[in-house]
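Inspection log for the structure reproduced underneath, given as structure tokens.
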Amino acid sequence: EVQLVESGGGSVQAGGSLRLSCTVSGDISNYYCMGWYRQVPGKAREGIATIDKGDARSYRGPAKGRFTVSKDNAKNTLYLDMNYLTPSDSGTYYCAALPEFDGGAWCGPERYTMDYWGKGTLVTISS
């Protein structure tokens with residue numbers, strides 16, 4: 001069973017930055033798709049950013065220009081660098097992985113059917 005463990009969440013003021021990390025128990029170098037998702041209480045989980053096997057990146061609107069998704073295959077770790085944070089960026093951030101393409105949606109933040117999910121890390125942005 002592949003395990004994903006997020007870290008790096010915390011509380012920062014608006015305008016600040018955070019780097020989230022997601023360490024994976026398996027070899028991610030050939031993973032079809034990995035991504036970051038956010039959920040706030042009372043709302044559905046939403047996609048933030050994804051990165052595919054070829055390092056193609058996709059971002060959901062508000063993340064464009066402020067967030068950067070990357071991965072280090074040697075460390076089996078996925079990252080999300082977040083800059084110019086606003087209170088609306090607050091929430092629990094989850095990383096997810098889909099090792100093999102399953103014929104569903106292409107890799108992108110609109111894709112929610114992933115095989116493995118972490119337990120999340122909380123991000124709180126104060127104004």
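Numbering starts at 1 and runs along the sequence shown.
Within the 4.5 Å cutoff, the side chain of Val123 has heavy atoms near those of the Met82 side chain. With contacts defined as side-chain heavy-atom distances shorter than 4.5 Å, the pair Thr50/Val69 does not qualify. Gln13 is not listed as a side-chain neighbour of Ile125, based on a closest heavy-atom distance of 4.5 Å or more. Side-chain contact between Thr121 and Leu20: present, with at least one pair of heavy atoms (C-beta onward) separated by less than 4.5 Å. Side-chain contact check for Tyr59 versus Ile48: every heavy-atom pair is 4.5 Å or farther apart. Taking 4.5 Å as the limit, every side-chain heavy atom of Gln3 sits out of range of all side-chain heavy atoms of Lys119. Between Met34 and Val24 the shortest side-chain heavy-atom distance falls below 4.5 Å. A 4.5 Å side-chain heavy-atom check between Lys71 and Asp55 finds at least one atom pair inside the cut-off.
Considering OH of Tyr116 and SG of Cys22, their distance stands at 13.5 Å, rounded to 0.5 Å. Summarising the geometry, atom OG belonging to Ser90 is positioned 8.5 Å from atom CG belonging to Leu85; distances are rounded to the nearest 0.5 Å. The OG atom of Ser7 sits 15.0 Å away from the OH atom of Tyr93 when rounded to the nearest 0.5 Å.
Checking Asn83 against Ser17 by side-chain atom types alone, a donor-acceptor pair falls below 3.5 Å.
Nearest approach of Thr92 to Gly120, heavy atoms of both residues: CG2-CA, 3.8 Å. Across all non-hydrogen atoms, the minimal contact from Asp81 to Arg19 is OD1-NE, 2.9 Å. Gly104 and Arg111 get closest at one heavy-atom pair: C-NH1, 3.5 Å. Among all heavy-atom pairs drawn from Val40 and Gly91, the shortest one is CG1-CA, 3.8 Å. Closest heavy-atom contact between Ser58 and Cys107: OG-O, 4.2 Å. Taking each heavy atom of Cys95 and Leu78 in turn, the nearest pair found is CB-CD2, 4.1 Å.
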For this session: Please step through side chain to side chain contact (heavy atoms under 4.5 Å, CB included) for the pair Asp89 and Tyr84, ending with a clear verdict.
Result: CA-CA 10 Å; Asp89 295 318; Tyr84 306 108; over 6 Å; no
Exercise. Between Asp52 and Arg57, is a salt bridge (charged side-chain N to carboxylate O under 4.0 Å, His left out) present by the stated rule, with each step listed?
Worked result: CA-CA 7 Å; Asp52 72 10; Arg57 297 164 171 82; over 6 Å; no
Exercise. Under the side chain to side chain contact (heavy atoms under 4.5 Å, CB included) criterion, do Thr23 and Asn76 qualify, and how do the steps go?
Worked result: CA-CA 6 Å; Thr23 301; Asn76 293 320; 5.6 Å; no
Exercise. What do the steps show when you test Glu46 against Gln39 for side chain to side chain contact (heavy atoms under 4.5 Å, CB included), and what is the final call?
Worked result: CA-CA 6 Å; Glu46 58 185 3; Gln39 188 165 25; over 6 Å; no
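Through side-chain heavy atoms spaced under 4.5 Å, either directly or across other Ile, Leu, Val, Met, Phe, Trp or Tyr residues, Leu98 is tied to Tyr32, Tyr37, Tyr94, Phe101, Trp106, Tyr112, Met114, Trp117.
Residue Tyr79 is tested with Thr68, Asp72, Ile51 for a side-chain contact (heavy atoms from CB on, under 4.5 Å); the sole match is Asp72.
Remark: Tyr31 pairs with no residue by the side-chain hydrogen bond (donor to acceptor under 3.5 Å, both in side chains) rule, at least two apart or across chains.
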